[in-house]
Amino acid sequence: MDLKPVRTRFAPSPTGRMHLGSARSALYPFLLARRTGGTFILRIEDTDVKRTVPGAEQELIEGLRWLGINYDEGPDIGGPCGPYRQTERREIYHTHAWKLVELGRAFPCFCTAERLDKVRQEQMANKQNPRYDGACRALDPEDARRRVAAGEKYVIRFKMPKEGSIQSADLLRGPITTDNAALDDTVLLKSDGLPTYHLAAMVDDHLMGITHVIRGSEWLPSMPLHVHVIRAFGWDEPQFVHLSVFLKPSGKGKMSKREAAEAIKDGHSIFVSDMKDLGYTPEGVLNWIALMGWGVSEGDVLTLDDMIARFDINNLTPSPAAINFAKLDHFNGAHIRALRTDDLAARLKPYFLREHLTVDDPTLTRIIPLIRERLVTLDDCLPFAAWFFRATVQPKPEELVAKGLTAAQSADVARKALEILSALPEINPATAEPPLRALVERLGLGPNQVFGILRAAVTGQTVSPPLFESMEIVGKEKVLERVKKAIEILEKM
RNA sequence: GCCCCCAUCGUCUAGUGGCCCAGGACGGGGCCCUCUCAAGGCCCAAACAGCGGUUCGAGUCCGCUUGGGGGCACCA
């Protein structure tokens, strides 16, 4: 791959929540910039004032930060090509739109939305393609200028050539040729004075020196228009890369609001800001989205640094990808297992605190090695280890009874185990396991039966971290106390 | 309706004309390990959408069909 430093950007519109698709649209240009020693920019495309939702920009910024996708220039940190929020660049677009008018490549249009709607409906009724009918295209330029000066509402439309064709290219798909006749006199500057995407993005990408435009495939059909606009200004177009969409897990149809709700029911989400609460790590999420649309031949558990080292824009795939939450779980678990103890402890603590547990840090640190490889999500620490931070446990009576034994027999086993444990100076795997295994032998029982009783007694549950290691952390005093309590419960059954 | 894009195991993908009776990962099945649950190890099932070309040779190139996706706003 060509490693000349690139300038790339993530240019979201702050119109809703940040989802997986947005995250990936940010990731790839980020990776390309880092791989080549280039620059990655965040630009907010907020030119649709009606659709802008308060807080969306903040969610975007926080999402990127959480994922570790850091940008070099952006609305909150500035940079040499600012401002990075399009509503703050009004004059730039205004000037550029009129420049196109002067060049004869665009024209003011005074048509009302009502008339345009009517025309469109008639066209559709006649099975024609809906398009601008050209009413204002033929207006005398001086006339038009006077009407604008007089304060009449107007938009500026691109004056699409009636004949000929244009060639544009997508890096992954190759060149495509489009007849100009199939293209429309698209609005570039709206009557509120703000630009449409087709003007704003082209102007900004040029002014910000963007070399590679990596964006969603919904832009593929308008790429020819974009190339027209860019060339009308006399600029060179950047490399275009269109990313395919994410499909819902079934592979039938793209992710939708309905599908997003389904995911949440299953304990999953397509929204970046939900991921942390659900116990996902940035590493896991990143790894997951990175590999939907990017083919690596082998070794697919990757950190952000691994991705940067291996990223090659030519290995992106143009076909749509169905999301698969099982794979997210896999990557998340793999990255959790790779975390250092202190790091994992710090990440787990909030989930215990969320349950109003009092966390003792040294204890937490000792628990980590026992649960690390059992965690798929960070909040899995609760079922495995919340009991460590509770003063008492409440085993269900029936869970204290070993398989194949009666309550009375189980109580007897527990009494014998208690006797052994009481005699130990302290309880740990080295001291407790050999005599208890000997007990298993002596009673002619299975280890599951004896250890199962103790597990339920000490942890209050049937699934737990390894028993002897757990008992060591709990401490002899509490272990004895809990086994005694278990015996009482069993005796009453 | 018109325009554009895509097409390898259930899913994500490797494959850039001979190295492919198609490789990896997830998921699934089996076995081993084992105090529960995991993790780990070993093994198994599972795909080139169809039809025509081009070529000595096609998963790989071309065309058509089918299927899927996207777009046709003073939204991005």
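Chain letters run A, B, ... following the sequence lines, proteins first, then strands; residues in each count from 1.
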Which value, in whole Å, describes the distance between the [atom1] atoms of nucleotides [N] and [M]?
N: B:G41; M: B:A58; atom1: P; answer: 39 Å
N: B:A46; M: B:G24; atom1: P; answer: 14 Å
N: B:G71; M: B:G10; atom1: C1'; answer: 30 Å
N: B:G69; M: B:A22; atom1: P; answer: 31 Å
N: B:G59; M: B:A76; atom1: C1'; answer: 38 Å
N: B:U8; M: B:A47; atom1: P; answer: 14 Å
N: B:U34; M: B:C44; atom1: P; answer: 24 Å
N: B:C62; M: B:G1; atom1: C1'; answer: 29 Å

What contact category does [X] fall into here, base, sugar-phosphate, or nothing, at under 4.0 angstrom with non-hydrogen atoms?
X: A:Phe384; result: base
X: A:Ser217; result: sugar-phosphate
X: A:Pro369; result: nothing
X: A:Asn448; result: sugar-phosphate
X: A:Trp288; result: nothing
X: A:Arg120; result: sugar-phosphate
X: A:Leu194; result: nothing
X: A:Cys111; result: base
X: A:Pro466; result: base
X: A:Glu114; result: nothing
X: A:Val155; result: base
X: A:Gly216; result: nothing

Under a 3.5 Å cut-off for both distances, is [N] Watson-Crick or wobble paired, and to whom?
N: B:G10; answer: B:C26
N: B:A49; answer: B:U65
N: B:G57; answer: none
N: B:C21; answer: none

To the nearest Å, how far apart are [X] [atom1] and [N] [atom2]?
X: A:Arg131; N: B:G71; atom1: CZ; atom2: P; value: 19 Å
X: A:Ile371; N: B:A39; atom1: CD1; atom2: P; value: 15 Å
X: A:Ile367; N: B:A38; atom1: CD1; atom2: C1'; value: 17 Å
X: A:Leu243; N: B:G69; atom1: CG; atom2: P; value: 18 Å
X: A:Phe451; N: B:C37; atom1: CZ; atom2: P; value: 15 Å
X: A:His330; N: B:A38; atom1: NE2; atom2: C1'; value: 14 Å
X: A:Phe331; N: B:G24; atom1: CZ; atom2: P; value: 16 Å
X: A:Arg157; N: B:A73; atom1: CZ; atom2: P; value: 10 Å

Readout for nucleotides 6-13 of chain B: B = base within 4.0 Å of protein heavy atom, S = sugar-phosphate only, - = neither; 5' to 3' it is SS---SBS
For residues [X] and [Y], report the shortest heavy-atom separation together with the two atoms involved.
X: A:Pro83; Y: A:Met208; value: O-CE, 3.9 Å
X: A:Thr47; Y: A:Leu194; value: O-CD1, 3.6 Å
X: A:Met292; Y: A:Tyr28; value: O-OH, 3.3 Å
X: A:Ile156; Y: A:Ala106; value: CG2-CB, 3.8 Å
X: A:Glu472; Y: A:Pro429; value: OE1-CD, 3.4 Å
X: A:Cys111; Y: A:Leu116; value: CB-CD1, 3.6 Å

**Request:** Kindly say whether A:Met160 contributes a backbone atom to a donor-acceptor pair with the side chain of A:Arg137 at under 3.5 angstrom?
**Result:**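 Judged by distance alone, yes, a pair lies under 3.5 Å.
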**Item:** Check ion pair A:Lys254-A:Glu218 (N to O, under 4.0 angstrom)
**Value:**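 No, no charged N to carboxylate O under 4.0 Å.
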Please report whether the ring centroid of [Y] lies less than 6.0 Å from that of [X].
X: A:Trp98; Y: A:Tyr154; answer: yes
X: A:Phe352; Y: A:Phe389; answer: yes
X: A:Tyr197; Y: A:Trp219; answer: yes

Discussion item. If you compare every side-chain N and O of A:Arg372 against the phosphate oxygens of B:A39 (OP1, OP2), does one of them come in below 4.0 Å?
Written reply: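 A:Arg372 to B:A39 OP1/OP2: no side-chain N or O under 4.0 Å.
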Taking only the side-chain nitrogens and oxygens of A:Lys190, find out if one of them lies under 4.0 Å from OP1 or OP2 of B:C75.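 Indeed, a polar side-chain atom of A:Lys190 lies that close.
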Which nucleotide in [options] has an atom nearest any side-chain atom of [X]:
X: A:Asn129; options: B:U36, B:C2, B:A38; result: B:C2
X: A:Thr196; options: B:U36, B:A76, B:C72; result: B:A76
X: A:Arg455; options: B:G69, B:A76, B:C35; result: B:C35

Position toward the 5' end of RNA chain B (nearest nucleotide), A:Val463 or A:Leu116:
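Going by which nucleotide is closer to the 5' end, it is A:Val463.
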### Message
Quick check on RNA chain B: between A:Leu328 and A:Val376, whose nearest nucleotide comes earlier from the 5' end?
### Response
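By nearest-heavy-atom nucleotide position, the 5'-most residue is A:Leu328.
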- Within 45° of the six-membered ring axis of A:Phe110 and under 6.0 Å from that ring's centre, is NZ or CZ of A:Arg147 located there?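 Yes, cation above the ring, under 6.0 Å and within 45°.
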Looking at residues 43-53 of chain A, who's got a heavy atom less than 4.0 Å off RNA chain B?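 The answer is A:Glu45, A:Thr47, A:Asp48, A:Arg51.
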Report task. May I ask you to decide if the ring planes of A:His335 and A:Phe331 are parallel, tilted or perpendicular, using 30° and 60° as cut-offs? Result ->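 Correct class here is tilted.
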